[in-house]
Amino acid sequence: MVRGGKLVLVAAILLLGVLPGTAAEDAQVNTIQDIFRHLRTCWRPPSPARARPLDITVVVSFNRAGNILGHPRITYESAEASDNDRLQYRIAVMEALQRCTPVPFTDAMAGAAAGRPFAIQFRSRRTSPDKTSPPTQERRA
């Protein structure tokens, strides 16, 4: 009975992608879209108890080996974010970059991506509007 319970636990962990070295994180990165997908597999936003959801964008470059080149730069954060929200999300972005590097570039992609800046958007917004928020009006040109 204990053995069956352990198998269920291991299967659940694998399905949730909690273990490092899962297939999504180890897959070869061969296109620009693969870079974005790869980095998002490492994204773990702060819990709602620590920070309100916000959108954040970081510009980062990589060398041929897939390591970060220079210093990542935050270029966008939601305007309504508090200083604490910004700090928590900046930490989460840097942790995601640490978890996901070096990026496993294919030989062809390593040459194409080396030194190129990539603007990576991390979104943590709810997909449905908040019922307490006033409805927004769409403007058309």
Side-chain angles (χ1 to χ4, degrees), residues 2-141:
V2 173
R3 185 169 188 247
K6 286 182 182 178
L7 288 175
V8 169
L9 178 62
V10 170
I13 289 171
L14 288 174
L15 286 173
L16 291 174
V18 174
L19 292 177
T22 59
E25 291 176 5
D26 288 338
Q28 287 284 291
V29 173
N30 192 43
T31 67
I32 292 173
Q33 287 303 317
D34 288 348
I35 294 171
F36 296 117
R37 273 190 227 109
H38 176 77
L39 293 174
R40 287 192 189 109
T41 65
C42 299
W43 174 237
R44 311 279 184 280
S47 70
R50 291 180 51 212
R52 291 179 306 204
L54 64 91
D55 296 340
I56 188 167
T57 301
V58 61
V59 174
V60 63
S61 297
F62 303 98
N63 63 19
R64 291 182 61 82
N67 293 305
I68 294 173
L69 182 64
H71 298 283
R73 191 178 70 232
I74 303 296
T75 59
Y76 174 81
E77 294 166 312
S78 299
E80 70 277 2
S82 70
D83 288 342
N84 178 64
D85 297 338
R86 287 185 179 94
L87 176 63
Q88 296 301 318
Y89 272 81
R90 287 177 182 189
I91 290 169
V93 165
M94 296 309 154
E95 289 174 343
L97 292 173
Q98 286 178 339
R99 277 191 290 273
C100 261
T101 53
V103 178
F105 290 130
T106 60
D107 289 340
M109 191 62 198
R116 179 179 178 171
F118 293 95
I120 312 296
Q121 296 176 347
F122 294 96
R123 298 181 183 268
S124 296
R125 302 266 180 175
R126 290 179 285 228
T127 54
S128 60
D130 185 348
K131 294 195 187 286
T132 60
S133 306
T136 57
Q137 293 183 357
E138 184 177 324
R139 297 180 114 176
R140 295 185 187 246

Do any side-chain atoms of residues 60-70 form donor-acceptor pairs under 3.5 angstrom with protein atoms, and if so which ones, sequence neighbours left out?
unit_1	atom_1	unit_2	atom_2	d
Ser61	OG	Arg116	O	3.4
Asn63	OD1	Ala65	N	3.0
Asn63	OD1	Gly66	N	3.1
Asn63	OD1	Asn67	N	3.0

*For the student: nearest non-hydrogen atoms of Arg99 and Cys42, plus distance*: NH2-O, 2.9 Å
*Arg86 and Ala79: which non-hydrogen atoms are nearest, and at how many Å?*
NH2-O, 3.5 Å
Identify every side-chain donor-acceptor pair in residues 105-112 under 3.5 Å, counting partners at least two apart or on other chains, and give the distances.
unit_1	atom_1	unit_2	atom_2	d
Thr106	OG1	Asn30	OD1	2.8
Thr106	OG1	Met109	N	3.2

*Calculate, to the nearest 0.5 Å, the distance between atoms OG1 and CD belonging to Thr57 and Glu77 respectively.*
9.0 Å
*Going from CG on Asp83 to CD on Gln88, what distance comes out if it is rounded to the nearest 0.5 angstrom?*
11.5 Å
*To the nearest 0.5 Å, how far apart are CH2 in Trp43 and CD in Glu95?*
9.5 Å
_Considering all heavy atoms, the nearest Tyr89-Ala51 contact_ = CE1-CB, 3.8 Å
_Are the side chains of Pro72 and Leu97 in contact, using a 4.5 Å heavy-atom criterion?_
yes
*Approximate separation, where rounding is to 0.5 Å, of Thr31 OG1 and His38 NE2*: 12.0 Å
*What are the two closest heavy atoms between Leu39 and Phe122, and how far apart are they?*
O-CE2, 4.1 Å
_Between Arg90 and Ile56, is the side chain to side chain contact (heavy atoms under 4.5 Å, CB included) condition met? List the steps._
CA-CA 8 Å; Arg90 287 177 182 189; Ile56 188 167; 4.1 Å; yes
*Do you know the tightest heavy-atom contact between Arg52 and Glu80?*
NH2-O, 3.1 Å
*For the student: nearest non-hydrogen atoms of Thr41 and Cys100, plus distance*: OG1-SG, 4.0 Å
